[in-house]
Amino acid sequence: MIDADHLNIHLLQDELDILQGAQGPLLQKIMETVVLYGEALEAGRLVDIEGPGHFVIPWSSPGIAPPIELLEELADAGLKTKFPFTLDPKPPFDFENLYVRPEEEAVIKAMYCNQARYDELMIQLGLRDQDAYTCNPYQPEVGNIPARDTVLAWSESACAVYANSVLGARTNRNGAIMDILTNIIGKTPLAGLLTDEGRRATWLVEIRTDNLPNPQLLGAAIGLKVFEDVPYIVNLDCYLNPDLDSKTTDFLQEMGTACATYGAVGLFHVENVTPEAVDFGKDLLVPGFQTYVIDDHELQNLLYSFPLLWTDENPKAERCYIGCPHLSLHQLYWWANAIQLALQAHSKKRLAIDTVLYAAPKVLELFKKDESVYFQLKEAGVKFSPACSETIFETRLCSGRPILTNSTKLRAYTTARFIPDEALVEALVTGKVD
Amino acid sequence: MGKTFKGRAILPANLIGEALVSRQGFNTYASFYNSLHDDAESAECADSGNTELFGRNMMGKIICLPKTSGSTSAGAVWQRVASLGVAPKAMLFARSIDSLAAGGLIVADIWTHHRICTVDQLGEDFLLAVQDGDWLKVREDGTVQIINTQQG
C-alpha cells in the first residue's frame, strides 16, 4: 500500500479516505492506481472528470483488452463509470460484410469467444448503449461531443487528440484499463494536456504544399517529427474552415489520428481554425519553439519510405479497407461519389477489388436510408461494416496478403498498403496498383 | 567503475540486467504485437518501424528509451506481457515518462503483482552513453550504473 506521507501529489480528505480503505479494498486499489499514476505524471492534484468517456478496447482479445477477471471484479462490486461512455468499434463478427475467408472466420470466432460476456460487462460498467461502438464518437449521429474545456479521461489516441484539438476539451492520452479505473473513481491527475502550460506549442509547423495535403500523410509526417510535443500548424487555414464544417473536421480527424499513431501527439493547434488557435494565435507558442517545414517533396519522400510488406510484391490486390478511423457521413458520400464517377469514366459497373467502408453503426444506419446511393455502391461490390478493420489482421491469416487501405494508421499496425484517396479510387476501379 | 546516472524511480527495484537500446520512440503495442498470445514464450520486437529493436527478444532485458509512442491499447499490453512472464525486466526512460507507459506499467504492477522496474528522467546523456548489450545495475533510488560496457 502507498505511504500517503511520502506522496508529492496533494490529496483531498475524501481521496485520502478512499486511499486508506474507507470505501473498501477494491476502491482503495483503484485509488492507489490513480494516485500513483498522478505521481508519475508529476500532477499537483487530482481533478474531477466532467464528462462522458471514450475508451479504446472493445474486444475480448487477450493481451489488448483488460482481462475479463479484472472487469468482473469491478462489475461484481457494482462499480460503474461516473458518466456513460462510448467505446471503439466491435470485433469483426459481421462476416457477410468483410470479404474474409472461412479460415479467417473460424479464427475470429475463436479469438473473440468471450465477446458476449465482455459486451455484457461493458454495459454493466457504464457503456452508453449497444450502438456506442466507434472510433469516431463525436459524429453528430453518435453524439459524444464534449464541450470546450471539459475535463475528460479518454483513451484511444485518435479520439483523445481530436477531443483536445478540435473540440477544445481536456484529456491526457490515457491507456486501456487506466481509462476505466479513472472514470470509475471520477478523478484524473491534473497534469500534461489538462493544464494551460501543457497545451502550449513547442513546434511551429509550416505547410508549404501546392494544395491541401493528404491528411493521413501530413499527420504521419508531423507525428514522426514532433513526437509527443504540441505543434502549432500554419498555412492550412486557406483550405479549412474555422466554423469546423464536415470537410474541416474530417481532415483534422484523419490528420490527428496519424499524428497520434506515428508519434504520441495528444494536441495540435491549427492557426485560425482550431478553437484555442482562434483565441490565442501564436501566443500559444513557447519561447524558443522549433520549426518544421513540410512541402510536397517531404510528403512524397514519406510515402515512398513506407515498406511494402506484402508477401508477393506484384500480386493483384484482393481487398481494400477504408475507414480507420471510422468514416463520417460526409466521407461516406465522398467515397460514394468518387467511386461512381470513376466507374463511369472506365465504363464499368463493379469494382475490381473487394472493398469495405467502415463507419459507426448510427452513421451507417443513416447512410443506408439513402437507398439509391447505398444500393448503387452495393451493386458495385462495396460492403459496409461497423467493425474495426485492424482486428481482422489479428488473426495473422491475412498478414502479408495484398490488402489496400487509405489509412496510415492501419498501415502502421498491419501489412496493409497505404494509397492516398484519389489514387486508391482509381486502383479500386482498374485493379491496377502502381 | 562505469558511468552512473540518476533518475526518478517510479516502480523501484534493485536488479542487474542487459540493455536493449531504442533511441527512437518505443511503440509498445507494435513492439509486443506478436507476444500477446497465450503460448508466448518470448517477446521478439514486432515493430518494423523500429530498426534498432525489430526482431530482438525483449523478454528479461532492460529497455533503454526516450519515451513510448503509439496506440493507447498499450495500457493493457503491459498487464498482459507481465502476466505471461515475457516482459522486460526494466524500462529506463531518458525523459519524463509518458502517460501511456506510466498508466500501463502501474496497472501491471498493482493488478498483476508483477513489477517491471521503471525509472525515468535519466537524461539524454544516458541514451548517448548506454549501448546494446551493456550490463546495467539499477538501484531502487533510481540510480543506473553501466557496469560492463560493450565498447570497453
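What's counted below: heavy atoms across the whole structure, side chains too, no hydrogens, waters or symmetry copies. Residue numbers start from 1 in every chain, and the chains themselves are labelled A, B, ... in the order their sequence lines are given, proteins ahead of strands.
Formation of a donor-acceptor pair under 3.5 Å by the B:E44 side chain with backbone atoms of B:N57 is not found in this model. Between the side chain of B:R80 and the backbone N or O of B:L36 there is at least one donor-acceptor pair closer than 3.5 Å. Side chain of A:N114 to backbone of A:Y112: no donor-acceptor contact under 3.5 angstrom is found. Formation of a donor-acceptor pair under 3.5 Å by the A:N174 side chain with backbone atoms of A:S155 is not found in this model.
Here B:S99 is the residue among B:G75, B:S69, B:S99, B:G103 with the most heavy-atom pairs under 4.5 Å with chain A. The candidate from A:N172, A:L309, A:V34, A:L70 with the greatest count of non-hydrogen atom pairs under 4.5 Å with chain B is A:L70. Contacts with chain B were tallied for A:E228, A:E39, A:K409, A:M178; A:E228 has the most, counting heavy-atom pairs under 4.5 Å. In terms of heavy-atom pairs under 4.5 angstrom with chain A, the leader among B:T118, B:T28, B:V107, B:L105 is B:V107. Residue with the most contacts toward chain B among A:A264, A:G263, A:P307: A:G263 (heavy-atom pairs, distance under 4.5 Å). The most heavy-atom pairs under 4.5 Å with chain B, out of A:S157, A:P66, A:P189, come from A:S157.
B:V130 places none of its side-chain heavy atoms less than 4.5 Å from the side chain of B:F5.
Legend: side-chain hydrogen bond (donor to acceptor under 3.5 Å, both in side chains) pairs involving residues 46-55 of chain B, not counting sequence neighbours, sorted by first then second residue: B:S22-B:N50.
Smallest separation of non-hydrogen atoms from B:L11 and B:I106: CD1-N, 4.2 Å.
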message: For a ring-ring contact (aromatic ring centres under 6.0 Å, His included) check, start with the C-alpha distance between B:Y29 and A:Y413, then their side-chain angles and the critical distance, and finish with the verdict.
response: CA-CA 9 Å; B:Y29 181 39; A:Y413 290 116; 5.3 Å; yes
- request: Please test A:I30 against B:W111 for side chain to side chain contact (heavy atoms under 4.5 Å, CB included), starting from the C-alpha separation and ending with a verdict.
  value: CA-CA 9 Å; A:I30 296 172; B:W111 295 76; 3.8 Å; yes
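For B:L100, the parts lying near chain A are the backbone and the side chain together; criterion is any non-hydrogen pair under 4.5 Å. Of the atoms belonging to A:Y37, heavy atoms from both backbone and side chain fall under 4.5 Å from chain B. In this structure, the portions of B:A102 lying under 4.5 Å from any heavy atom of chain A include both its backbone and its side chain. Only the side chain of A:L181 comes within contact range of chain B, with heavy atoms under 4.5 Å apart. Neither the backbone nor the side chain of B:S35 comes within less than 4.5 Å of any heavy atom of chain A.
Interface with chain A: from residues 83-98 of chain B, residues B:R95, B:S96, B:I97, B:D98 qualify, criterion being any non-hydrogen pair under 4.5 Å.
A salt bridge does not link B:K3 with B:D125: every distance from a Lys NZ or Arg NE/NH1/NH2 to an Asp or Glu carboxylate oxygen is 4.0 Å or more.
Counting only N and O atoms by type, the side chains of A:N136 and A:T134 include no donor and acceptor under 3.5 Å apart.
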